[in-house]
Amino acid sequence: MHPWGKSVVAAAAMVAAMPAVAQTVQGTRPETIMTALRDAGYRAVLSKDNVGDPVIKSGAAGVDFSVLFYNCTEHKDCKTVQFYAGFVKKGLSLDTINKWNAEHRFGRAYLDDEKDPRIEMDLDLDKGGVSSALFQANIATWESLLGDFQKAIDF
């Protein structure tokens with residue numbers, strides 16, 4: 001073997017032994033969000049919303065939720081996403097929603113036009129996205145918020 005051949009073989013072996021670099025999660029590439037959701041153990045189905053932007057359907061804490069894509073250019077190259085869940089439950093007061101909002105920093109809740117509770121959490125993926133690990137940490141935050149919200153609205 002040529003003297004530098006051993007170095008090439010050794011370098012190749014070191015690269016093969018290194019862990020794979022985690023994929024960056026980007027709004028411009030919805031499939032990276034689907035992969036990150038699935039890697040975290042969630043179902044993820046990609047489709048389009050009523051205006052043609054991407055949307056991913058998933059679920060956590062016993063609740064269906066959507067990942068909505070915003071700030072898109074021609075229904076692609078989206079810069080932000082929003083985790084969103086809606087509940088059908090009448091009779092909630094604004095005091096209940098306001099109390100929840102006051103106690104939870106990373107999500108926001110409101111009553112829609114029909115007085116049903118909604119919860120949302122935004123994530124900025126502009127300027128190259130976020131690491132898979134950070135995205136999965138945000139998914140864990142979202143799941144925690146969903147659980148807390150269900151308790152608060154007695155769902």
Side-chain angles (χ1 to χ4, degrees), residues 15 17-155:
V15 169
M18 294 173 68
V21 175
Q23 182 176 25
T24 301
V25 177
Q26 301 173 333
T28 57
R29 298 179 50 223
E31 68 278 4
T32 63
I33 294 173
M34 281 189 12
T35 298
L37 283 164
R38 289 177 180 161
D39 287 350
Y42 300 90
R43 64 180 154 74
V45 178
L46 178 63
S47 61
K48 294 188 183 282
D49 66 13
N50 59 355
V51 297
D53 290 338
V55 62
I56 296 175
K57 300 292 185 178
S58 189
V63 175
D64 290 335
F65 70 85
S66 299
V67 179
L68 308 172
F69 289 70
Y70 286 98
N71 303 98
C72 305
T73 303
E74 297 181 18
H75 311 296
K76 56 187 177 190
D77 296 326
C78 306
K79 294 175 179 44
T80 61
V81 296
Q82 180 183 83
F83 293 85
Y84 167 89
F87 299 82
V88 177
K89 179 161 175 86
K90 303 293 182 210
L92 283 175
S93 70
L94 281 177
D95 287 340
T96 299
I97 298 297
N98 287 339
K99 183 177 189 291
W100 191 90
N101 282 328
E103 295 172 354
H104 294 83
R105 179 175 169 204
F106 290 102
R108 70 181 163 279
Y110 60 94
L111 298 177
D112 70 5
D113 293 341
E114 297 174 1
K115 307 296 185 225
D116 288 317
R118 305 290 185 242
I119 181 175
E120 301 171 344
M121 182 181 88
D122 294 312
L123 183 59
D124 187 351
L125 299 175
D126 200 8
K127 308 288 188 220
V130 297
S131 70
S132 182
L134 181 54
F135 187 82
Q136 289 187 12
N138 276 276
I139 294 169
T141 298
W142 172 244
E143 184 171 7
S144 176
L145 290 170
L146 282 175
D148 289 350
F149 190 63
Q150 287 180 84
K151 288 177 191 164
I153 65 171
D154 194 28
F155 189 81

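Computed from a predicted model, the values in this text were never measured in an experiment.
Shortest non-hydrogen contact noted between L46 and P30 is CD1-CB, 3.9 Å. Heavy atoms only, all atoms of each residue included: A36 and F135 are closest at CB-CD2, 3.5 Å. The heavy-atom pair separating I153 from P117 by the smallest distance is CD1-CG, 3.8 Å. Heavy-atom minimum distance, N101 versus A109: OD1-N, 2.7 Å. Of all heavy-atom pairs spanning A85 and L146, the tightest one is CB-CD2, 3.7 Å. When all heavy atoms are compared, the tightest approach of E114 to K90 is O-NZ, 3.0 Å.
Rounding to the nearest 0.5 angstrom, the gap separating the CE atom in M34 from the CG atom in D39 is 11.0 Å. One distance of note links CZ of R38 with CD of E31; it measures 11.0 Å at 0.5 Å rounding. Interatomic distance, Y110 OH to L94 CG, rounded to the nearest 0.5 Å: 13.5 Å. Of the inter-residue distances, the one linking I33 atom CD1 with L123 atom CG reads 7.5 Å to the nearest 0.5 angstrom.
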(request) Please report the C-alpha distance between F149 and I97 in whole Å, then the side-chain angles of each, then the deciding distance to 0.1 Å, and finally whether the side chain to side chain contact (heavy atoms under 4.5 Å, CB included) criterion is met. (result) CA-CA 9 Å; F149 190 63; I97 298 297; 4.1 Å; yes

(request) Give the C-alpha distance, both sets of side-chain angles, the deciding distance and a yes or no for side chain to side chain contact (heavy atoms under 4.5 Å, CB included) between W100 and L145. (result) CA-CA 10 Å; W100 191 90; L145 290 170; 3.9 Å; yes

(message) Assess the residue pair L111 and L92 against the criterion (side chain to side chain contact (heavy atoms under 4.5 Å, CB included)); give the C-alpha distance rounded to whole Å, side-chain angles, the decisive distance to 0.1 Å, and a yes or no.
(response) CA-CA 8 Å; L111 298 177; L92 283 175; 4.2 Å; yes

(request) Assess whether side chain to side chain contact (heavy atoms under 4.5 Å, CB included) is satisfied between V81 and L125, documenting all intermediate values. (result) CA-CA 7 Å; V81 296; L125 299 175; 3.9 Å; yes

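Listed by chain and residue number, Q23, V25, Q26, R29 satisfy the side chain to side chain contact (heavy atoms under 4.5 Å, CB included) test with T32 (two or more places apart in sequence, or in another chain). Judged as a side chain to side chain contact (heavy atoms under 4.5 Å, CB included), and not counting sequence neighbours, the contacts of L134 are V130, S131, N138. Residues that satisfy the salt bridge (Lys or Arg N to Asp or Glu O under 4.0 Å) test with K99, not counting sequence neighbours, are E103.
Side-chain contact between L68 and D49: absent, with no pair of heavy atoms (C-beta onward) separated by less than 4.5 Å. In this structure, the side chains of D122 and R108 come closer than 4.5 Å at one or more pairs of heavy atoms. Residues D126 and N71 are not in side-chain contact: their nearest non-hydrogen atoms beyond the backbone lie 4.5 Å or more apart.
Between D116 and K89, none of the side-chain N atoms (NZ, or NE/NH1/NH2) sits under 4.0 Å from a carboxylate O, so this pair counts as no salt bridge.
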Anything under 3.5 Å between a donor and an acceptor, one on a side chain of residues 53-65, the other on a protein residue two or more places apart or in another chain? List them.
from, atom 1, to, atom 2, distance (Å)
D53, OD1, H75, ND1, 2.8
K57, NZ, S66, OG, 3.2
S58, OG, R43, O, 2.5
D64, OD1, R43, NH2, 2.3

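Of the possible donor and acceptor atoms, one in the side chain of R118 sits under 3.5 Å from a partner among the backbone N and O of F87.
Evaluation of the disulfide bond (SG atoms under 2.5 Å apart) test over residues 51-134, restricted to residues two or more places apart or in two chains, returns C72-C78. For residues 144-155, every residue pair satisfying the side-chain hydrogen bond (donor to acceptor under 3.5 Å, both in side chains) rule, not counting sequence neighbours, is listed here: H104-D148.
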